[in-house]
Amino acid sequence: MPVHNSDIAEKLNHLADLLEIEGQNAFRVRAYQNAARMIAELPKDLAALLSEGADLDELPGIGPSIAEKVKELVNTGHLNALETLESKLPGHLADLLEVPNLGAKRVKLLHETLGINNLDDLNRAVKAHQLRKLPGFGPKMEEKLALALTKFTGEERRLRLDVAEKTADALTTYLKETPGVNEIVVAGSYRRRKETVGDLDILVTCRPNSPVMEQFIHYDQVQQIVMQGPTRTTVILKNGLQVDVRVVPQKSYGAALLYFTGSKPHNIALRTTATRQGYKINEYGVFQGETQVAGKTEADIYQLLGYPYIEPELRENRGELEAALQDRLPRLITQDCIQGDLHAHTKASDGRNTIEEMAQAALAKGYEYLAITDHTQHTRVANGLDEKRYRKHLADIERVNDRMKGITILKSAEVDILEDGSLDLPDAILKQMDVVICSVHSHFNLSNAKQTDRVLRALDHPCVNIFCHPTGRLLNKREPYDIDLEKIMRRALQNGCYLELNAQPARLDLADTFCRMAKDLGLKLVISTDAHKVSDLDYMRFGIAQARRGWLEASNVINTRPLKEFRKLLKR
DNA sequence: GCCGTTTTCGGCCCGACTGTTTTCAGTCG
């Protein structure tokens with residue numbers, strides 16, 4: 001069975017957990033966690049890199065020891081070091097680390113004194129009041145753990161960005177009503193525009209004695225107060241989302257914003273640099289001795305340390321600090337660069353609005369063009385069009401196009417790629433389209449080789465221009481299908497076609513790391529909303545955010561081009 | 001275990017809050 005990066009990352013994380021419980025050096029533990037994170041984010045399979053003879057310890061965070069372990073995993077499917085450790089510590093012990101307020105030290109103590117090996121054991125011990133006798137535990141901790149265990153599912157809960165946005169908007173509006181509040185900003189992965197967020201980090205500056213924390217804990221959506229102090233309060237909302245509010249003085253605003261925006265690895269890297277330069281960074285500012293030398297704005301801090309401003313979407317410690325020093329930071333794409341949307345449905349298949357309504361909405365956005373891309377016959381659930389209906393639909397598009405001023409409607413369809421890689425409409429019809437986009441909507445479970453070949457065959461069809469939502473994933477709902485995207489990208493490049501970054505917040509497909517892979521390969525992308533109604537055209541901003549996370553510039557995205565140039569780029 | 005424009009050895013971000021303490025360890029972000 002092939003070993004994927006996610007499997008390797010999971011094993012390394014498990015190894016890190018057990019080493020931590022065993023009481024190993026914390027930095028050694030972190031080395032495994034760092035490597036696991038880097039590997040999980042890598043767009044290319046390590047197994048493939050190894051078979052090409054690549055030197056793994058050239059990857060950041062991987063040295064000789066971890067490189068050896070990855071090799072072992074890829075070649076044998078086993079990891080001796082992990083298995084040895086599992087023979088000493090029960091395999092499910094690491095599950096306990098996921099329980100709030102339990103870290104390595106406490107888990108070790110529970111295991112050694114009460115023989116607790118898993119969540120069930122912990123449940124029993126809590127109910128039997130055995131914990132309060134242990135050193136470092138007491139009645140309060142026992143109570144907290146009991147409460148945590150009733151809700152604990154073991155699954156990490158991350159909210160889609162668009163869902164989190166609604167929660168954040170309502171809460172910040174409410175907090176702004178507090179007397180004395182100056183600035184409120186949602187930082188964290190939300191500000192970095194990650195596709196999902198685990199919690200909300202809200203930063204507040206206010207006059208002294210502003211009752212903002214009181215206001216916060218009395219928000220009607222608060223279910224539980226996790227902790228409460230003068231500068232930091234954490235609650236869980238009724239929808240399960242954790243929210244942290246931090247209050248800092250105005251002179252620390254930039255430092256606090258930088259700190260709470262993260263990411264953690266970006267901050268650690270930045271602080272390490274600061275230390276080398278004789279400074280200390282914390283959330284209150286940059287300090288030389290006792291003196292604050294920067295901190296009012298983020299830009300001041302970057303500048304002091306010798307960096308240009310780094311956009312939040314880039315702060316993942318994926319090379320942005322090095323690029324900044326060498327003046328190689330991308331000029332990230334912005335929404336006003338977009339000249340047209342290349343993926344939109346109408347009532348003809350599963351959309352809610354007419355061709356004209358969609359075109360009017362696109363015109364109102366200032367677009368020069370809009371492709372109408374209804375489904376084809378094979379996607380029956382979406383009322384896909386067969387040849388006969390499609391011919392009539394083409395005529396409808398032409399009629400509306402003749403009537404409309406100020407925008408060009410492009411004749412198109414989201415053509416199904418069938419299981420064998422053939423297309424769902426005859427060539428004679430495809431040839432009449434201005435642009436042909438195609439997608440996988442069935443047979444998600446093919447092997448990597450078959451799925452890849454299927455799409456390669458579609459890309460080899462001379463009429464095809466764009467391959468849509470290339471991995472088929474639905475965030476929190478459906479895993480991506482197994483496909484070799486690097487091969488797909490190389491073929492697209494070779495054939496003069498493109499991949500879509502689908503801006504639907506439930507898809508955001510391509511992922512940021514694949515956007516960057518495309519850029520590195522020299523393949524341009526299209527950012528499209530896949531709108532099924534007029535208001536969905538607003539999803540463009542999620543696509544733009546994802547593109548920015550993938551280091552894309554306007555020049556990497558073909559629907560930033562005016563129509564005339566765009567048409568030229570479609571020629572294969 | 002990883003890493004290097006002070007280093008191939010000796011570092012590795014830094015602070016808030018809680019509970020159990022009698023001055024602090026553990027957890028978390």
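Every value quoted in this text rests on a predicted model; they were computed, and no experiment measured them. Protein chains get the first letters and strands the later ones, always in sequence-line order, with residue 1 at the start of each.
Using a 4.0 Å heavy-atom criterion, one finds that Y259(A) contacts the bases of the nucleic acid, with or without backbone contacts as well. Using a 4.0 Å heavy-atom criterion, one finds that P135(A) contacts no nucleic acid atom at all. D201(A) comes within 4.0 angstrom of sugar-phosphate atoms only, judged by non-hydrogen atoms across all strands, and of no base.
Formation of a donor-acceptor pair under 3.5 Å by the N282(A) side chain with backbone atoms of G285(A) is found in this model. Judged by distance alone, the side chain of D169(A) and the main-chain N or O of K166(A) form no donor-acceptor pair under 3.5 Å. Judged purely by atom type and a 3.5 angstrom limit, T291(A) has no side-chain atom pairing as donor or acceptor with the backbone of V293(A). A donor-acceptor contact shorter than 3.5 Å links the side chain of S263(A) to the backbone of R315(A).
With C1' as the reference atom, dG10(B) and dG15(B) are 24 Å apart, rounded to whole Å. Here the separation of dC12(B) from dT7(B), taken at their C1' atoms, is 13 Å to the nearest Å. Across the P atoms, dC2(B) and dT6(B) are found 23 Å apart, a figure rounded to whole Å. If you take atom P in dT5(B) and the same atom in dG1(B), they sit 23 Å apart, rounded to whole Å. Here, dC28(B) and dT23(B) have their P atoms 26 Å apart, quoted to the whole Å. Using C1' as the reference atom, dT20(B) and dC13(B) are 27 Å apart when rounded to the nearest Å. Between dT21(B) and dG26(B), the distance separating the two C1' atoms is 12 Å to the nearest Å.
E22(A) and R28(A) are not joined by a salt bridge, as no carboxylate oxygen comes within less than 4.0 angstrom of a charged side-chain nitrogen. The pair R193(A)-E313(A) does not meet the salt-bridge criterion, since no charged nitrogen lies less than 4.0 angstrom from a carboxylate oxygen.
With sequence neighbours excluded, the residues forming a side-chain hydrogen bond (donor to acceptor under 3.5 Å, both in side chains) with N502(A) are E500(A), D530(A), listed by chain and number. Not counting sequence neighbours, R106(A) has no partner by the salt bridge (charged side-chain N to carboxylate O under 4.0 Å, His left out) test. Listed by chain and residue number, A294(A), K296(A), T297(A) satisfy the side-chain contact (heavy atoms from CB on, under 4.5 Å) test with D300(A) (two or more places apart in sequence, or in another chain).
Residues of residues 239-250 of chain A that place a heavy atom closer than 4.0 Å to DNA chain B, in numerical order, are Q242(A), D244(A), R246(A). Taking a 4.0 Å limit (strictly below) on heavy-atom distances, residues 228-238 of chain A reaches DNA chain B at Q228(A), G229(A), P230(A), T231(A), R232(A). Within residues 301-326 of chain A, no residue is approached by DNA chain B to less than 4.0 Å at the level of any non-hydrogen atom. At a non-hydrogen distance threshold of 4.0 Å, nothing from residues 38-47 of chain A comes into contact with DNA chain B. Within residues 264-271 of chain A, the residues that place at least one heavy atom under 4.0 Å from DNA chain B are, in residue-number order, K264(A), I268(A), R271(A).
Where P64(A) and V107(A) meet DNA chain B, the nucleotide closest to each residue was compared, and P64(A) sits on the side nearer the 5' end. When the nearest nucleotides of DNA chain B are assigned to R106(A) and Y32(A) by heavy-atom distance, the more 5′-ward of the two goes with Y32(A).
Distance check: L49(A) CG to D55(A) CG gives 11.0 Å after rounding to the nearest 0.5 Å. Atom CD1 of I184(A) is separated from atom CG of L203(A) by 9.5 Å, given to the nearest 0.5 angstrom.
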In residues 507-523 of chain A, what donor-acceptor pairs under 3.5 Å come from side-chain atoms, sequence neighbours left out?
| from | atom 1 | to | atom 2 | distance (Å) |
| --- | --- | --- | --- | --- |
| D509(A) | OD1 | T471(A) | N | 3.2 |
| D509(A) | OD1 | T471(A) | OG1 | 3.0 |
| D509(A) | OD2 | T471(A) | N | 3.0 |
| D509(A) | OD2 | T471(A) | OG1 | 3.2 |
| D509(A) | OD2 | G472(A) | N | 2.8 |
| D512(A) | OD2 | R318(A) | NH1 | 3.3 |
| D512(A) | OD2 | R549(A) | NE | 3.2 |
| D512(A) | OD2 | R549(A) | NH2 | 3.0 |
| R516(A) | NH1 | R318(A) | O | 3.0 |
| R516(A) | NH2 | R318(A) | O | 3.2 |
| K519(A) | NZ | W551(A) | O | 2.6 |

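Contacts classified as side chain to side chain donor-acceptor pair (under 3.5 Å) and involving residues 62-73 of chain A (residues at least two apart or in different chains) are given here: Y32(A)-K69(A), S65(A)-K69(A). The side chain to side chain donor-acceptor pair (under 3.5 Å) pairs that include a residue from residues 232-249 of chain A are T167(A)-N239(A), T234(A)-D244(A), R246(A)-E283(A), where partners are two or more places apart or lie in different chains.
You can see that DNA chain B meets the heavy atoms of chain A within a 4.0 Å-exclusive cut from dG1(B) to dG29(B), reading 5' to 3'.
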**Item:** Chi angles and distances behind the salt bridge (charged side-chain N to carboxylate O under 4.0 Å, His left out) call for R191(A), E298(A)
**Value:** CA-CA 14 Å; R191(A) 183 163 177 251; E298(A) 288 182 322; 2.9 Å; yes
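Taking all atoms of both residues into account, the shortest heavy-atom contact from T261(A) to R192(A) is O-NH1, 2.7 Å. Taking each heavy atom of L79(A) and K11(A) in turn, the nearest pair found is CD2-CB, 4.4 Å.
In a base pair of the Watson-Crick type (N1 to N3 plus N6-O4 or O6-N4) or a G-U wobble (N1-O2 and O6-N3), with each distance short of 3.5 Å, dG1(B) is matched with dC12(B).
Considering only heavy atoms from C-beta on, V181(A) comes within 4.5 Å of S210(A) through its side chain. Proximity of K264(A) to R37(A): side-chain heavy atoms (C-beta onward) are nowhere separated by under 4.5 Å.
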